[in-house]
Number of protein chains: 2
Amino acid sequence: MTEKRAKQLEEALRAAGVRVTRQRAALLRVLAESADHPDAAELHARAEAAGAGVSLATVYRTLTTLQAQGVIEKLEFQGEPARWEAADQQHHDHMIDVETGEVMEFTSDRIERLQAEIAAEMGYEIVHHRMELYVRRRRGGVPG
Amino acid sequence: MTEKRAKQLEEALRAAGVRVTRQRAALLRVLAESADHPDAAELHARAEAAGAGVSLATVYRTLTTLQAQGVIEKLEFQGEPARWEAADQQHHDHMIDVETGEVMEFTSDRIERLQAEIAAEMGYEIVHHRMELYVRRRRGGVPG
DNA sequence: ATATGTGCAAAAAGTTTGCACCTAC
DNA sequence: GTAGGTGCAAACTTTTTGCACATAT
């Protein structure tokens, strides 16, 4: 399944005139297999672990390229190195447990609508947004 | 007015056991006079322009200290150096014009309520949040 | 008097880049 | 064949830190 996705992406890149090198193919596979939100160093480590020879500089360059192609999204949480995620899912925002560091995803059409309304009232339209909730588990809280 | 505010802050800091040095006093004044969202280098430049002898290292250390005292807030917009703002106003979020770089402030009780609801549904409570709308002026838009 | 703060210069951390070589198309 | 990609090492940007000296309380 992730292999299939990786192949699809290779085609899309070629169609866009972006060369699919050994390094890029390897990173596409690593990204397709990653359900979490790894940073550049972590992606490099995973590629190395998979036996791909990819330099860290190329990881950075590839991430920039894939972002420009809309294949991945860059996440910049408070003061940490940038993290990345596949862009194939529907849009969502993030909730970060400040105690464990765990990153969860959520969506809210109602919030998105309100954001658009607020921008419109001020004469603007939204290009993109960023919303992060830094949270703590409630004592006696509802089980996940 | 800003001078008065700076004096108040000096008192609060002393009360909290934080020494009010010449450098800190100078930075408090620069911050009190700044209605925008300057980064450390800009604050350093403004302090220098005001004739205060303050090193950049001290600017960084002071910003960290003032943040810990709740006097200022740190803003981290997409990939730029951190910016700072006085924390005396009510809570608000930011809207950034992607074409001009202009930073505007806004509030929405409705969004804040929805955020709390979403966190609660997942068994969490919000410690703090970050919401930024990256926007573009609408062609034929409503005047500001 | 002394715990704290400061300046300087060096280091850290994350990311980007110049250049010679390599490779997908 | 050639435009575009890669590796390496060096540079860059922002921020932090060790240490000797200075100063607010």
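Naming convention: chains lettered A, B, ... in sequence-line order (proteins, then strands); numbering from 1 in each chain.
Base contact: B:Arg61 has a heavy atom under 4.0 Å from a base atom.
For the pair A:Met122/B:Val135, no side-chain contact is recorded, criterion being any heavy-atom separation below 4.5 Å from C-beta on. B:Arg24 places none of its side-chain heavy atoms less than 4.5 Å from the side chain of B:Leu13. Proximity of B:Leu28 to B:Thr62: side-chain heavy atoms (C-beta onward) are nowhere separated by under 4.5 Å.
Salt-bridge check for A:Glu10 with A:Arg29: passed, with a basic side-chain N closer than 4.0 Å to an acidic carboxylate O.
The aromatic rings of A:His91 and A:His129 stand perpendicular to each other, their planes meeting at an angle above 60°, with 30° marking the opposite boundary. Ring pair A:His37/A:His94 is perpendicular by interplanar angle, where above 60° counts as perpendicular and below 30° as parallel.
To the nearest angstrom, C1' of C:dT4 lies 14 Å from CD of B:Gln69. Look at CG on A:Leu75: it is 16 Å from P on C:dG14, rounded to the nearest Å. The CG atom of A:Leu56 sits 13 Å away from the C1' atom of C:dT17 (whole-angstrom rounding). Rounded to an integer number of Å, the gap from CZ of B:Arg24 to P of D:dA24 is 11 Å. A straight line from CG of B:Leu63 to P of C:dG5 spans 15 Å, rounded to a whole angstrom. Taking atom CG on B:Leu66 and atom P on C:dG5, their separation rounds to 11 Å, with Å as the unit. Rounded to a whole Å, the NE2 atom of B:His44 is 12 Å from the C1' atom of C:dC8. Rounded to a whole Å, the CG atom of A:Leu28 is 14 Å from the P atom of D:dG5.
Pairing each heavy atom of B:Leu27 with each of B:Leu43, the nearest pair is CD2-O, 4.5 Å.
Where B:Arg22 and B:Glu80 meet DNA chain D, the nucleotide closest to each residue was compared, and B:Glu80 sits on the side nearer the 5' end. Comparing B:Pro81 and A:Ser55 by the nucleotide of DNA chain D whose heavy atom lies nearest to each, the residue mapping closer to the 5' end is A:Ser55.
Contacts between residues 34-42 of chain B and DNA chain D, defined by a heavy-atom separation under 4.0 Å, are absent.
Contact check, B:Gln23 against C:dG7: a side-chain N or O comes under 4.0 Å of OP1 or OP2. The phosphate of D:dA24 has neither OP1 nor OP2 within less than 4.0 Å of any side-chain N or O from B:Arg14. The side chain of A:Tyr60 places no N or O atom within less than 4.0 Å of a non-bridging phosphate oxygen (OP1 or OP2) of C:dT16. The phosphate of C:dT6 (OP1 or OP2) has a side-chain N or O of B:Thr21 nearer than 4.0 angstrom.
Side-chain atoms of B:Thr64 lie closest to D:dT16 of the nucleotides D:dT16, D:dT15, C:dT15. Checking C:dC25, C:dT6, C:dT17 against every side-chain atom of A:Ala57, the shortest atom distance belongs to C:dT17.
A donor-acceptor contact under 3.5 Å is formed by the side chain of B:Arg19 with the base of C:dA3.
Within a 6.0 Å sphere centred on CZ of A:Arg110, other residues, nucleotides and ligands contribute 12 heavy atoms or fewer.
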